[in-house]
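To start, the structure itself, in C-alpha cells.
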Amino acid sequence: MGVSESKTAQELALPVGVTLDRFIMHSQSVFPYATGELSQLLRDIALAGKIIHREVNKAGLIDVTGANGTENVQGENQQKLDIIANIRFIRALKNGGEVCAILSEEDEDIIHTGNDHGKYVVAMDPLDGSSNIDVNVSIGTIFSIYRRITPINSPANINDFLQGGRKQIAAGYILYGSSTMLVYSTGDGVNGFTYDQSLGEFILSHKNIISPSDGKIYSVNEGNYNSYPESIKKYITNCKLKSYSARYIGSLVGDFHRNLLKGGIYLYPSTTKDAKGKLRLLYECYPLAFIAEKSGARASDGFRDILDIVPSDFHQRSPIYVGSSIMVDEAIKA
Ligand SMILES: O=P(O)(O)OC[C@H]1O[C@](O)(COP(=O)(O)O)[C@@H](O)[C@@H]1O
Ligand SMILES: [Mg+2]
Ligand SMILES: [Mg+2]
C-alpha cells in the first residue's frame with residue numbers, strides 16, 4: 001500500500017491497529033476549532049455499520065433475504081435488507097443527534113430526523129449491490145456528509161442536499177465482504193478500518209490509502225456492451241487487447257474497493273436505455289468520487305469530474321468512470 005512521503009505527526013502517531021474511536025479523536029485534535037459533532041456522526045455511522053454487519057452475516061439464516069414486495073422511488077424492487085439497512089441507519093443518525101436530515105436511495109423525499117439543532121445532512125445508499133444480497137456476494141453502504149446551509153433550528157431543505165460534490169465535508173462506504181470494512185475521508189487522506197467482531201471495534205488496517213495511478217483491471221457490465229457509447233466499446237476492446245482482467249461483481253462498493261487498492265477502473269456508462277446511466281449522483285457517484293480524488297484516483301462522467309457536476313434533483317443519475325487516474329483518462333479519450 002503506497003503511503004505519501006510527508007508523514008504528518010498524526011500519521012506517525014497513529015499506528016495501524018488503533019481503534020476508529022481513537023483515530024477520530026486524534027483527527028479531531030488536529031483541528032483546533034473542531035467541536036466533536038462530526039466525530040460523533042462518524043461514530044453513529046460506524047455503529048449502524050456494525051448492526052448491518054450482524055444482519056448481513058446472518059443472511060440466509062434469518063428472514064432478511066428476498067424481495068420485500070415494495071418498490072423504491074427508482075422503481076426498483078426493494079430487498080428486505082434494503083429496508084432493514086435503511087431503518088437502521090436512519091435510527092442511528094436520529095439517535096446520534098448530529099444529523100438534521102437524511103436523503104436515502106430508498107425514500108423519495110428528505111427524512112427530517114427531528115434534530116433541527118443538528119449541523120449536518122447525510123445522503124446515503126443504505127444497501128449497495130442489492131442484487132447480490134441473497135447470493136452471499138459482497139455488498140455495501142455508501143454515505144456522503146454535508147454541513148447544512150439552512151439556519152440551525154430550522155427544517156433542512158433541498159438546498160442542503162444540492163450543494164455539489166465538492167462541498168462534501170466527508171464521505172465513505174462500508175463494505176460487507178469477507179471482512180467488514182469502513183473506508184472514509186474527511187478531506188485529508190483516505191483510511192480503512194476493518195471490523196474486529198470479537199472486540200466489537202473497527203481497527204485501522206489501511207492507513208492513508210493512495211490508489212495506484214494505473215492498473216490492469218476493468219469492471220463493467222459487458223452484458224450491456226451493445227448499448228454503450230462507441231468510445232466505451234472501443235475502451236473495453238482495448239482493455240481486452242491488453243489482456244486486462246475483467247472483474248465485475250455487480251456491487252459498486254465491492255468493485256470500487258478492489259480497484260482502489262489494486263488499481264483498476266469501474267465504468268457504468270450511459271446506455272441506449274438509460275442516457276444518464278444507472279448510478280445515482282448524490283449517494284453513489286459523489287461519495288465514491290470524493291474517496292477516489294482524496295486517494296489520488298479520478299472520477300468522471302466522460303466530460304467533467306463527477307465532483308464538478310451541478311446537481312438538480314435528489315435521485316438524478318450520472319454515467320461514471322472511476323478508478324486509477326491513467327485508466328480514467330484513457331477511457332475519456334477513447
Ligand atoms: O446489474 P447492473 O446493471 O450491472 O448494475 C449493477 C450496479 O447497480 C448497483 O447494484 C446499484 O446499486 P443498488 O444496489 O444500491 O441499487 C451497483 O451496486 C452495481 O454496481
Ligand atoms: Mg447502490
Ligand atoms: Mg442501494
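Order of listing sets the numbers, starting from 1, for every ligand and every atom in it. Position 1 is the first residue of the sequence, and the numbers go up from there. Just the heavy atoms: all of them, side chains too, but no hydrogens, waters or symmetry mates, feed the values below.
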Does ligand 1 have an atom that lies less than 4.0 angstrom from a heavy atom of [X]?
X	result
S131	no
Q74	no
L127	yes

Q. I326 and I209: same hydrophobic cluster, using ILVMFWY side-chain contacts below 4.5 Å?
A. no

**Q.** Check ion pair K242-E330 (N to O, under 4.0 angstrom)
**A.** yes

List ligand 1 atoms under 4.0 Å from [X], heavy atoms only on the residue side.
X	value
S130	14 (O)
R280	11 (C), 12 (O), 13 (P), 15 (O), 16 (O)
E76	16 (O)

Q. Of the listed options (N72, D128, N221), which comes nearest to atom 12 (O) of ligand 1 when hydrogens are ignored and any heavy atom counts?
A. D128

Q. Where the closest heavy atom to atom 15 (O) of ligand 1 is concerned, which of D125, I133, T141 has it?
A. D125

Q: Fit a plane to each ring of Y248 and Y266, take the angle between them on a 0 to 90° scale, and name the class: parallel (under 30°), tilted (30 to 60°) or perpendicular (over 60°).
A: parallel

Q: Check the angle between the aromatic planes of H53 and Y195 and answer parallel, tilted or perpendicular using the 30° and 60° thresholds.
A: perpendicular

Q: Give every protein N, O or S atom lying under 2.8 Å from the Mg ion (ligand 2), naming each by residue and atom.
A: D125 OD2, D128 OD1, E284 OE2

Between [X] and ligand 1, is there a nitrogen or oxygen pair with a distance under 3.5 Å?
X	answer
L252	yes
V253	no
N224	no
D255	no

In the protein, which heavy atom is nearest to [atom], and how far is it?
atom	result
atom 5 (O) of ligand 1	K278 NZ, 2.9 Å
atom 4 (O) of ligand 1	Y248 OH, 2.5 Å
atom 19 (C) of ligand 1	G250 O, 3.3 Å

Q. At under 4.0 Å between heavy atoms, which part of Y266 makes contact with ligand 1: side chain, backbone, both or neither?
A. side chain

Q: Answer yes or no: does atom CG of N221 have more than 12 heavy-atom neighbours from other residues, nucleotides or ligands under 6.0 Å?
A: yes

**Q.** NZ or CZ of K294 within 45° of F290 ring axis and under 6.0 Å
**A.** yes

Q: Would you please say whether a donor-acceptor pair under 3.5 Å links the side chains of S251 and N132?
A: yes

Q.
Distance alone, cut at 3.5 Å: any donor-acceptor contact between the side chains of T150 and N157?
A. no

Q: Look up atom OH in Y321 and atom OH in Y235, then write down how far apart they are to the nearest 0.5 Å.
A: 11.0 Å

Q.
So if I apply the side chain to side chain donor-acceptor pair (under 3.5 Å) rule between T70 and each of E106, K80, Q78, E76, which one comes out positive?
A. Q78

Q) Has the side chain of S231 got a donor or acceptor atom that lies under 3.5 Å from a matching backbone atom of A334? A) no

Q. Looking only at atom types and distance, does a side-chain atom of Q163 sit under 3.5 Å from a main-chain N or O of Y146, one as donor and one as acceptor?
A. no

Q.
Using the rule side-chain contact (heavy atoms from CB on, under 4.5 Å), only one of L281, D107, L103, N72 pairs with H315; which is it?
A. L103

